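Heavy-atom basis, side chains included; hydrogens, waters and symmetry copies ignored. The structure displayed is predicted, hence computed values, not measured ones.
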Amino acid sequence: MDESESGGEGETVRMFRTGIPAPTIVELTGVPRSTVFRRIQVATDRDPTLHSDHTANRKPTPGPETKTVPASWAARTQEIHEYRARTGCWPHQHSGDAETRAMAGWLAVRLAAWRRLELPSGHEAWLDQQIPGWKQPSRAVRDAQRWLERLDQLVTFTNQTGSWPRYPAAADDHERVLGVWRHVQRQKLSQGTLAPDQLAALDSRAHGWAGLTRQGRRDS
């Protein structure tokens with residue numbers, strides 16, 4: 001289908017900006033779920049206001065979206081609130097303190113779910129109330145979150161294609177971005193500047209990530 005037709009990339013982005021949830025766009029357009037989410041992710045990388053416009057225009061959804069927040073969240077958000085009050089900063093995953101890293105990791109998971117549109121609106125509203133500004137934390141937290149998102153995308157890409165993403169001769173912008181990201185991680189590894197937690201995450205989730213670019217690539 002041509003991109004100018006209904007269900008094309010531009011139409012997907014327009015529908016998402018008006019507040020229509022990604023699963024609903026899938027139902028309305030018949031475009032595969034993975035394609036819809038990839039288009040939204042690529043568009044968000046180009047235009048950071050896309051997510052805020054979607055949130056502002058989205059209508060409350062009844063049913064599962066309003067399910068109860070897990071009881072364990074109250075203690076964790078209280079810890080983050082007190083940390084913010086005490087330090088004036090958001091916890092980050094490269095802290096020397098284990099509890100601070102635990103808080104940062106917990107927050108990163110919620111941010112990842114929100115960015116993937118998988119966080120129920122009831123949970124989102126509750127977090128907005130308990131720890132205002134949690135969607136726009138410090139640059140360190142945003143960078144850590146974006147790193148985790150790139151790892152998720154790398155794993156998804158290799159699972160779907162059986163290959164590592166390229167940045168020269170990439171098939172599209174999405175593959176190029178992932179190819180460059182992986183190349184940067186390999187450079188950091190060779191320079192000894194890759195954070196231990198990031199190395200552990202790459203090794204556990206993307207086996208062979210530091211090998212040759214063409215490793216595992218299927219024949220065209």
Side-chain angles (χ1 to χ4, degrees), residues 16 19-27 33-34 36-38 40-41 44-45 48 50-156 159 195-206:
F16 182 72
I20 300 175
T24 303
I25 295 175
V26 172
E27 295 177 5
R33 176 184 173 87
S34 60
V36 169
F37 276 76
R38 178 178 61 80
I40 292 172
Q41 180 63 58
T44 301
D45 287 343
L50 181 59
H51 252 293
S52 58
D53 287 347
H54 170 79
T55 301
N57 293 324
R58 190 174 64 184
K59 297 180 180 178
T61 304
E65 289 292 310
T66 60
K67 60 184 178 181
T68 306
V69 171
S72 60
W73 285 26
R76 182 58 80 189
T77 55
Q78 181 62 27
E79 291 171 353
I80 295 173
H81 178 77
E82 291 174 354
Y83 181 89
R84 288 275 293 150
R86 184 173 68 254
T87 67
C89 302
W90 292 96
H92 60 89
Q93 291 177 307
H94 300 300
S95 170
D97 176 67
E99 183 56 30
T100 300
R101 292 197 302 273
M103 287 187 284
W106 186 91
L107 183 59
V109 170
R110 267 76 244 171
L111 278 165
W114 174 69
R115 287 179 178 274
R116 292 195 303 265
L117 315 175
E118 295 173 356
L119 186 68
S121 60
H123 293 187
E124 180 183 346
W126 188 86
L127 286 169
D128 286 343
Q129 183 179 34
Q130 298 299 314
I131 41 177
W134 69 279
K135 297 170 187 169
Q136 298 293 333
S138 68
R139 179 175 179 178
V141 174
R142 291 199 302 272
D143 289 348
Q145 174 54 30
R146 179 52 60 88
W147 191 93
L148 289 173
E149 290 177 352
R150 288 288 184 244
L151 176 57
D152 285 344
Q153 293 167 8
L154 177 68
V155 172
T156 298
N159 286 342
D197 59 325
Q198 293 179 340
L199 175 58
L202 281 160
D203 285 345
S204 65
R205 298 193 56 204

Distance col, row Tyr83:OH vs Thr100:OG1, nearest 0.5 angstrom, shows 4.5 Å

Short side-chain donor-acceptor distance under 3.5 Å, Gln153 and Glu149: no

Go through the steps to decide whether Ile131 and Arg84 satisfy the test side chain to side chain contact (heavy atoms under 4.5 Å, CB included), and finish with yes or no. CA-CA 9 Å; Ile131 41 177; Arg84 288 275 293 150; 5.9 Å; no

CH2 on Trp147 to CZ on Arg150, rounded to 0.5 Å: 12.5 Å

Who passes ring pair (Phe, Tyr, Trp, His ring centres under 6.0 Å) against Trp73, sequence neighbours left out? Trp106, His123

How far does CD1 of Ile20 sit from CD1 of Ile25, to the nearest 0.5 angstrom? 6.0 Å

Quick one: OG1 on Thr77 to CD on Glu82, what's the gap to the nearest 0.5 Å? 9.5 Å

Checking Arg205 against Asp152 for the side chain to side chain contact (heavy atoms under 4.5 Å, CB included) test, could you report, in this order, the C-alpha distance in whole Å, the side-chain angles of both residues, the deciding distance, and whether it holds? CA-CA 9 Å; Arg205 298 193 56 204; Asp152 285 344; 2.7 Å; yes

Looking only at heavy atoms, what is the nearest atom pair of Leu127 and Arg110, with distance? CD1-CG, 3.8 Å

Residue list, side chain to side chain contact (heavy atoms under 4.5 Å, CB included) with Thr156, at least two apart or on another chain: Gln160

Glu124: side chain to side chain contact (heavy atoms under 4.5 Å, CB included) partners, not counting sequence neighbours: Thr55, Arg58, Trp114, Leu119, Asp128, Trp134, Lys135

Closest non-hydrogen atom pair, Ile40 against Ala22: CD1-CB, 3.8 Å

Under-4.0 Å salt bridge between Arg76 and Glu99: yes

Test side chain to side chain contact (heavy atoms under 4.5 Å, CB included) applied to Arg146 and Asp45, step by step: CA-CA 10 Å; Arg146 179 52 60 88; Asp45 287 343; 3.4 Å; yes

Output for pair (Leu202 CG, Leu151 CG), nearest 0.5 Å, gives 5.5 Å

